[in-house]
Amino acid sequence: MKYRNGPDGLHIFDRKTGFNALFDEVRIPRERWSNAPRHVSVALTNLCDLHCAYCYAPKHRAVLDVDVVGRWLSELDAAGCLGVGFGGGEPTLHPAFAQICESAARNTALAVTFTTHGQRLVPPLLDRLAGNVHFIRISVDGVSGTYERLRGRPFEALRQRLRDALQIAPVGINVVVNQDTIGELDAIAALAEEVAASELLLLPQQATPTVSAIDASLKHQLESWINAARPRVRLAISEAGSEGMPTCDPLPNEKGLRSYAHIDASGFARQNSYAKEGIMVGDEGVIAAIDRLRAVTGDMN
Ligand code: SF4
């Protein structure tokens, strides 16, 4: 169990079961709020072996050092962070990926999660990850021919990877919502139910140098789908793109960098992976870098 003080009260979290409880009748003075973001994502490498057109990951070579990541996670853990999400690029391509997860699980009380295209989740790696990760997010952009066209990999292999991953940890399915995938949300939700995924995370496409963000008409279609859908799997949506969608926020006062921060594969702390402003995490540590980022971006949360 981990305890976190924040503007909404006392938050209790168990990484093994995913149990969350908020005691919102507990009023906590600001000076006692946890100084770390509730969740931090860390891009371990920019490297990826797929070539999705809508990819937002930077394309220059960058890989984080194992020991540096370990120090950041210990500091975040001590400052009240509840979980880390490894990403990239493709995090499983980091040469020490399994070691990083193992060390995070052993040396901190953080929930260890990662987002992956899933195609490399085969037994030798899964065996090393077992017991050291608490949630796995697998990207499933469309089904069958759509997936194969967008991701360039066989869909049936992905279906098997989903089942294999579920042997070691709960799995969530991520879908980038765009013109190609909006019509396949029912099929993706059915897949999530079929493989007993715990969550379906909708990621409305954001603008990158090669694609534009989803337009008003697509947003409207997505909103209609959310309102009508009754999947037997938890639905979630990324903050980027959630405006106007029917969402429920259990922590309405824990905003900005108090809620979430991203560290890219070059070691810059950012408000999210799309943000232009970044502060290099130096010797003074990750919390000091996030504090400087608060000042630079005017984040008063
Ligand atoms: S799998 Fe992810 S990181 Fe790799 S190219 Fe596709 S979107 Fe980018």
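In listed order, ligands and their atoms are each counted from 1. Fair warning: this is a prediction, and the values are worked out from it, not measured in the lab.
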- Item | Best match, G87, C48, G152, C55: closest heavy atom to atom 7 (S) of ligand 1 |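 Looking at heavy atoms only, the winner is C55.
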
Answer yes or no: is there an ion pair linking [X] with [Y], defined by an N-O contact shorter than 4.0 Å?
X: D264; Y: R270; answer: yes
X: D164; Y: R159; answer: no
X: R258; Y: D299; answer: no

- Message: Suppose I only count heavy atoms of G89 and a 4.0 Å limit; which atoms of ligand 1 are within that range?
- Response: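 Those of ligand 1 that fall under 4.0 Å from G89 are 3 (S).
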
- Counting each atom of ligand 1 from 1 as listed, which ones have a heavy atom of R151 under 4.0 Å away?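 Here the atoms of ligand 1 in question are 1 (S), 6 (Fe).
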
- Count the heavy atoms of every other residue, nucleotide or ligand shown that sit under 6.0 Å from CE of M300, and state whether that count exceeds 12.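 No, not enclosed.
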
- Query: If you count the non-hydrogen atoms of other residues, nucleotides and ligands that lie under 6.0 Å from CZ in R61, is the total more than 12?
  - Reply: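 No, not enclosed.
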
- Query: From C52, does some N, O or S atom reach closer than 2.8 Å to atom 6 (Fe) of ligand 1?
  - Reply: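 So C52 counts as coordinating atom 6 (Fe) of ligand 1, yes.
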
- Please confirm whether G88 comes under 4.0 Å of ligand 1, counting heavy atoms of the residue only.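 The answer is no: ligand 1 sits nowhere under 4.0 Å from a heavy atom of G88.
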
